[in-house]
Amino acid sequence: MDMMSLIDTFFKTDDLKALIHQAGQMLNCPMIAIDDAFQIQASYSPENFQDDVFFAALHRGEITYEAILAISQNEQISQGKSVRMQLQDTPYPRCFAALISSEIRIGYLIYVDWKDTLSQVPESDLQMLQTILAKQLLSESSRNRILSSTSEEILVRLLQGEFPSESVFQLQTASSYLAQYHPHRLAVVDLGLYRNLHFGQDTLKTELRYLFYASHPFFYQKQLLFFLTGDHDTTLLHSFSQKFQLRIVISGALDCLYHLPQAYQTAQKALEYMLTQSNQPFVVWAPRLYPRILLSQIQDQDSLCHPSVSALDEYDRSNHTQYCLTLYTYLICHHSLQETCERLFLHRNTALYRIRKMKDQFEIPLDDPEQFLYLLLSVSMILLREGKEELFFSDPTQPL
């Protein structure tokens, strides 16, 4: 491979398509260069090359979600190594390599080893080729970002905090569908359970767009994001999740598109929490998990617990009593004895006895309004640690 000729082209043309064309001819290898949004930026194919998967991608201008997942979830590719894969829709294996410039991943290069000759090319030559293409792609991406951006790129930039104000964001979206787009909620999807090497079929995207109108799906940080434009049927969401083995979190209400980063961050926290709780497909509504997430972050902070509540907990565990549960119920019922009795199915005299004992023996300041929050958080931490989550949280799978 004549690397000097390729370097000469790099300095003379400043054109990624020209570089890909020349590199492809030198290797006699079909190639596709994609950016970090998985959009095709340049390609090369020999005259007598035929492959449905390859040309379908060129026709769409982007690779399938299935291909995106195979690339983004592969740790070796993320580390800058080349990975060879045999796909299920084509006789020709692919080699995937990250395009990295100054330790920043700019995009990916896909080789189609149709002549089974790629292994004969020195690895140093391939690394040099990928470095040249990465620098060219970075140059063109920076130029294009200033001049124009796709809607997906704008949304990614919004999530990355690149717009200093809403007015700047609105100016950027003025000529796209985003200007008049008012989604109701954001769905954040973990794709860790989804497996499909049928790169010729964009099955997931097709189904998603069919089931959820104007969902405008896109990838961000190895996750699939899409929008809901109304209160969708929970059954539909669950069947979609089960069919493709997806773990989905639905955000709180999205009042305007500019506030997408806040909706994403809270939904992401909910997803991170759920991934520690389940290895099965699910659909959950993030706001229903917020109290659980908050409490889970402090439940092991024993030193922060009110000393009198800690003593009450020790008494419960030693004597198999339920004073902590009574305290929690009494607090959330705003000191209503009748409601406390109804919730716990207690006789009035039993509840009164427990409350007096908490005040007199354990010196719990039930009548001090400034201590209310401290007491409630303390006893909630204890009950959560004991596995009584049902006291605090409604079913997160139920819509808001």
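These figures come from a predicted structure and were not determined experimentally. Hydrogens, waters and symmetry mates play no part in the numbers below; they use all other heavy atoms, side chains included.
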Going through the checks in order, is the ring-ring contact (aromatic ring centres under 6.0 Å, His included) test met by Y374 and H306? CA-CA 7 Å; Y374 189 15; H306 194 291; 4.9 Å; yes

Is the shortest side-chain heavy-atom distance between P183 and H216 below 4.5 Å? no

Evaluate whether atom CD of Q73 has more than 12 neighbouring non-hydrogen atoms of other residues, nucleotides or ligands under 6.0 angstrom away. yes

Answer yes or no: does atom CG of D52 have more than 12 heavy-atom neighbours from other residues, nucleotides or ligands under 6.0 Å? no

Would you please name every residue forming a salt bridge (charged side-chain N to carboxylate O under 4.0 Å, His left out) with E342, sequence neighbours left out? none

For the atom pair CD (E62) and OG1 (T64), what is the distance rounded to the nearest 0.5 Å? 9.0 Å

Taking the side chain as every heavy atom from C-beta outward, state whether D51 and W114 have any pair of such atoms under 4.5 Å apart. no

D113 side chain to T117 main-chain N or O, any donor-acceptor pair under 3.5 Å? yes

Modelled atom types, side-chain donor and acceptor of E75 and Q79, under 3.5 Å: no

Does F345, at its CZ atom, have more than 12 non-hydrogen atoms belonging to other residues, nucleotides or ligands within less than 6.0 Å? no

Going by atom types alone, do H21 and Q25 pair a side-chain donor with an acceptor below 3.5 Å? yes

Spatial distance of atom OG (S101) from atom CD1 (I106) [nearest 0.5 Å]: 5.5 Å

Does any donor atom in the side chain of Y264 or Q223 lie under 3.5 Å from an acceptor atom in the other side chain? yes

Please check if atom CZ in R60 has more than 12 non-hydrogen atoms from other residues, nucleotides or ligands closer than 6.0 Å. yes

For K357, does the NZ atom have more than 12 heavy-atom neighbours from other residues, nucleotides or ligands under 6.0 Å away? yes

Hey, are the side chains of Q170 and Y258 touching, using non-hydrogen atoms and a 4.5 Å cut-off? no

Ring centroids only, cut at 6.0 angstrom: are Y65 and F38 within range, meaning strictly under it? no

Electrostatic pair D302:R385 at N-O distance under 4.0 angstrom: yes

Test item: I71 and I34 side chains (from C-beta on) under 4.5 Å apart, heavy atoms: yes

Any donor-acceptor pair under 3.5 Å linking the side chain of D89 with the backbone of V53? no

Can you confirm whether Y323 sits close enough to L327 that some side-chain heavy atom of one is under 4.5 Å from a side-chain heavy atom of the other? no

Are F199 and I110 close enough that some pair of their side-chain heavy atoms sits under 4.5 Å apart? no

Evaluate side-chain hydrogen bond (donor to acceptor under 3.5 Å, both in side chains) for R354 paired with T326, printing each intermediate quantity in order. CA-CA 8 Å; R354 291 182 182 179; T326 304; 2.9 Å; yes

Is any side-chain N of the basic residue among D368 and K359 closer than 4.0 Å to the acidic one's carboxylate O? no

Can a side-chain donor-acceptor contact be found between Y290 and T266 if the only test is distance below 3.5 angstrom? yes

pair I298-L295: side-chain heavy atoms closer than 4.5 Å: yes

Begin with the C-alpha distance, continue with both residues' side-chain angles, and end with the deciding distance and a verdict on ring-ring contact (aromatic ring centres under 6.0 Å, His included) for Y330 and H335. CA-CA 5 Å; Y330 187 61; H335 294 197; 4.7 Å; yes

Basic-acidic side-chain contact under 4.0 Å: R157, E153: no

Can you find a heavy atom in the side chain of F49 that is under 4.5 Å from one in the side chain of Y92? yes

Applying ring-ring contact (aromatic ring centres under 6.0 Å, His included) to F227 and F212, what does each step give before you reach the verdict? CA-CA 8 Å; F227 296 100; F212 305 103; over 10 Å; no

Do Y194 and E66 have side-chain N/O donor and acceptor atoms under 3.5 Å apart? yes

A quick test of your reading: do over 12 heavy atoms of other residues, nucleotides or ligands sit less than 6.0 Å from OH of Y181? yes

